[in-house]
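As the structure lists them, so they are numbered: ligands from 1, and atoms in each ligand from 1.
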Amino acid sequence: MCGIVGFVGRQNPVPLILESLKCLEYRGYDSSGIAVLDKGQQLNVVKASGKLQNLVDRLDANLTSDTGEAIQVGMGHIRWATHGAATDANAHPHLGTNRQIAVVHNGIIENYYLLRETLMAEGRQFVSETDTECVAQLVEHLWEKQTEQTLEAFRGVIRETVDQLQGAFALVILNKAFPEHLFVVRRHAPLVVGQRPQAGNQMEYVVASDTVAIIPHTNQVVFLNDDEVVELSPEGMVLMTVAGDILEPKVTIVDASPLQIDKKGYRHFMLKEIHEQPDVIRNSLSGRLLHPEAPIELVASDQSAKAKQLLSQANHLVVIGCGTSLNAGLVGKYFIESLAKVPVSVESAGEYRYREPIIDEHTLVVAISQSGETADTLEAVRLAESKGAKVLTITNREDSTLARESDVVLPVRAGVEVSVCATKSFSAQVVVFYLLGIALAETRNTVDAARLTELKGELMRLPTQLDAYLATAPEPMQDVARQFSHHTSLLFMARGINYPVALEGALKLKEISYIHAEGYSASELKHGPIAMLDDTMPVAAILTPGPLFEKVMTNCQEAKARDARMLAFTSATLDDSMVDMFDAVVPFPDTDELLSPLFATVPLQLFAYYIAEHLGKDVDQPRNLAKSVTVE
Ligand code: M6R
């Protein structure tokens, strides 16, 4: 949540900062702002509430000029509001009272109120309601107390500031006394430094919350760890611990291709990402499932021994995640328990991190996160690690904090997901759980080989079937979506391995259309939710052939008897009397029941998409949300 950018180099920083902020829009879009030092070394700050375009519209073309010679520094911010409404005043960058210091921040300063009181008592004048402003004020306050205003003294100021801050922060700090420098520090919030070599052994630097905002400028990056500080100037990068110990920066060359962002002609990123799912599944399977009769190759050879060891000693998997990732983890539970006979607990990270979990040497934590930066998931994993657990991470971002802190990483390979509403990453996560489950079943001999061959064959065929489905499914879905778009509440129900799909369908609808929706196991209907049903609250049932089909059909009858409008998402062939029960029937391809979530989820994503689009909602950037929830 919130995206920060910094730049040091010999070009106009404004276009570069704007381009990077554009890449970070998924992290928030409540307001944005930019600060640069002009030639007279005045701090120029422009901010605007609302979308990034409002800032672009407000920027004066002469904010700073491209001299091609002088060193220029600047910073930018895109905000997801925590403390204070989405106003111009609360937008970052924030300044000290004397405009000596400018700061952009991602995270939450938990003790901001106390700091603010103390600094106000010292005469500092606050102009915003944010927690961040206290950082700018504190840095400036400490700086003004220095008798010798040297670089070394400012290092001490940063150290002292960090010592006083509680919470999570990634900060870019500008001090007018050092007009060719930026200072960067992180604790529990992501931050990456990109370096771009220039003539004469000089460097340009771009700092950002995420590699996606660096890649347009350079592929050489340094990932920062907690409590590390970086000083950037054209002379180079000085990396040190907050305590002042100098460290050697480790430069990583990142592969730009999976990080490139393009709508490819689709109206929204979400629609594009839904349509990418067959290829995403192919990617996730690639190199891991080569032939139905070949064993699964779960990880690259350099991690293979470690992964094998972790998997062989585990007798309990604890899957930890949030939101859509949590739902994917639930599908994983049904699959792994059914096939590999290993008990799997699925835990909401935000709850787990404050529990006293029971962990022993046979517990394997499976962390699941698209972004790899979700604050609750990170903290839950750290708690488990502190109690001795080993961690296997399933993520779409191999360069994320979560991946770097894990013992083994299983990349899902969905490519950059821009839409806040997760779609293709869910499918990719589910595929990785399938591979994990099959790999466990293979090594433990829990299922006969013929059954595994059958499942692997089905899994390999699935992307082509999904391609065919996506070629025709969207058009009729638009009509179905219109029929249900005026409702204010909707209930999704399913059984077995598709119960998590009902949860996911409800989550999709809520987050992009703002229509209230709940997902239930159909078995729960009579335990409460049925009381809500009447002709204003439709029920969407996910029906797949199998032992629970009749049970869900009975629940549909019960809902129909309460006048609910009925919608079926089904891979079963319904006879005429069954079809008559539903106001609309949306088919999807049939497959092995254990694999059916990969098909069943897609029409639910399309349903949510077309309802939101019909209602004129901001599909890719729904209100109040951010893609990466980096604060708790
Ligand atoms: O990056 P993560 O997978 O850890 O994110 C978890 C949730 O914040 C995320 O899935 C969220 O629920 C999505 N907006 C759902 O579409």
Side-chain angles (χ1 to χ4, degrees), residues 1-3 24-29 80 189-190 209-210 212 268-271 273-274 277 319-332 346-353 365-381 391 393-403 405-406 409-430 432-433 500-501 503-514 517 519 601-602 604-609 612 617-632:
M1 299 186 136
C2 295
L24 297 178
E25 262 188 310
Y26 73 88
R27 301 178 72 88
Y29 27 81
W80 185 86
S209 303
D210 186 338
V212 289
H268 294 101
F269 280 108
M270 180 178 172
L271 192 58
E273 287 159 4
I274 290 172
Q277 289 177 109
V319 176
I320 298 177
C322 298
T324 286
S325 294
L326 189 65
N327 293 339
L330 262 178
V331 175
V346 181
E347 302 275 1
S348 165
E351 289 302 318
Y352 190 83
R353 64 179 284 192
V365 165
V366 179
I368 175 137
S369 171
Q370 186 284 128
S371 62
E373 300 294 349
T374 299
D376 281 334
T377 308
L378 275 166
E379 286 308 319
V381 163
V391 178
T393 280
I394 297 176
T395 183
N396 198 27
R397 295 300 300 272
E398 284 175 81
D399 56 355
S400 62
T401 309
L402 187 59
E405 292 187 12
S406 303
V409 180
L410 293 183
V412 303
R413 306 178 189 154
V416 172
E417 189 174 61
V418 176
S419 182
V420 165
C421 185
T423 53
K424 62 176 180 172
S425 62
F426 174 84
S427 294
Q429 289 169 336
V430 167
V432 171
F433 271 113
V501 173
L503 299 178
E504 181 60 6
L507 180 61
K508 297 302 89 167
L509 189 63
K510 274 188 274 214
E511 67 178 326
I512 59 169
S513 73
Y514 320 144
T601 311
V602 177
L604 298 183
Q605 295 167 343
L606 287 169
F607 180 66
Y609 172 79
K617 303 298 184 203
D618 192 340
V619 173
D620 285 331
Q621 296 183 340
R623 71 182 182 201
N624 304 341
L625 294 177
K627 185 142 190 81
S628 188
V629 182
T630 56
V631 294
E632 67 170 308

(Q) Could you tell me if the side chain of Glu379 sits less than 4.5 Å from the side chain of Glu632, heavy atoms only? (A) no
Q. Cut-off 3.5 Å, side chains only: do Gln277 and Ser427 have a donor facing an acceptor?
A. yes
Q | Ligand-residue contact atoms, ligand 1 with Ser325, heavy atoms, under 4.0 Å | A | 2 (P), 3 (O), 10 (O)
Q.
Looking only at distances, can you tell me whether any N or O atom of Thr374, backbone or side chain, sits closer than 3.5 Å to an N or O atom of ligand 1?
A. yes
Q | Pair Tyr29-Asp618, side-chain donor/acceptor within less than 3.5 Å | A | no
Q. Distance only, no hydrogens: is a donor on one side chain within 3.5 Å (strictly under) of an acceptor on the other, for Gln429 and Ser325?
A. yes
Q: Using a strict 4.0 Å cut-off to heavy atoms of Gln370, name the atoms of ligand 1 that fall inside it.
A: 1 (O), 2 (P), 3 (O), 4 (O)
Q: Determine, using heavy atoms of Ser628 and all atoms of ligand 1, whether some pair is separated by less than 4.0 Å.
A: no
Q. Which value, rounded to the nearest 0.5 Å, describes the distance between Ile394 atom CD1 and Phe433 atom CZ?
A. 4.0 Å
Q) Which of the atoms in ligand 1, numbered in the order shown and given with their element, are less than 4.0 Å from a heavy-atom of Val420? A) 13 (C), 14 (N), 16 (O)
Q: Note the single closest protein heavy atom to atom 6 (C) of ligand 1, along with its residue, its atom name and the distance in Å.
A: Cys322 O, 3.3 Å
Q: Please confirm whether Lys627 comes within less than 3.5 Å of ligand 1 when only nitrogen or oxygen atoms on both sides are compared.
A: no
Q: May I ask you to check whether Thr377 has an N/O atom sitting below 3.5 Å from an N/O atom of ligand 1?
A: no
Q. When you look for heavy atoms under 4.0 Å from ligand 1, do you find them on the side chain of Glu373, its backbone, both, or neither?
A. neither
Q.
I'd like to know if the side chain of Lys510 reaches the main chain of Ala517, judged simply by a donor and an acceptor atom lying under 3.5 Å from each other, with no hydrogens or angles considered.
A. yes
Q) With no hydrogens and no angle check, do the side chains of Ser628 and Glu373 hold a donor and an acceptor under 3.5 Å apart? A) no
**Q.** Check: Arg623 main-chain N/O paired with Tyr514 side-chain donor or acceptor under 3.5 Å
**A.** yes
Q: Give the residue, atom name and distance (to 0.1 Å) of the protein heavy atom nearest atom 8 (O) of ligand 1.
A: Val629 CG2, 3.8 Å
Q: Any chance you could measure Ile512, atom CD1, to Tyr609, atom OH, to the nearest 0.5 Å?
A: 8.5 Å
Q. Closer than 4.0 angstrom: is that true for some heavy atom of Lys508 and an atom of ligand 1?
A. yes
(Q) Would Ala422 count as a polar contact of ligand 1, with the cut-off being nitrogen or oxygen pairs under 3.5 Å? (A) yes
Q: Evaluate side chain to side chain donor-acceptor pair (under 3.5 Å) for Glu417 paired with Ser425, printing each intermediate quantity in order.
A: CA-CA 7 Å; Glu417 189 174 61; Ser425 62; 2.9 Å; yes
Q: For atom 16 (O) of ligand 1, find the nearest protein heavy atom and state the residue, atom name and distance (0.1 Å precision).
A: Glu511 OE2, 2.3 Å
Q: Can you sort out which atoms of ligand 1 are near Cys421, meaning under 4.0 Å from one of its heavy atoms?
A: 16 (O)
Q: Considering only non-hydrogen protein atoms, determine which one is nearest to atom 1 (O) of ligand 1 and report residue, atom name and distance to 0.1 Å.
A: Ser371 OG, 2.7 Å
Q: Looking only at protein heavy atoms, identify the closest one to atom 11 (C) of ligand 1 and say how far it is in Å.
A: Thr324 N, 4.2 Å
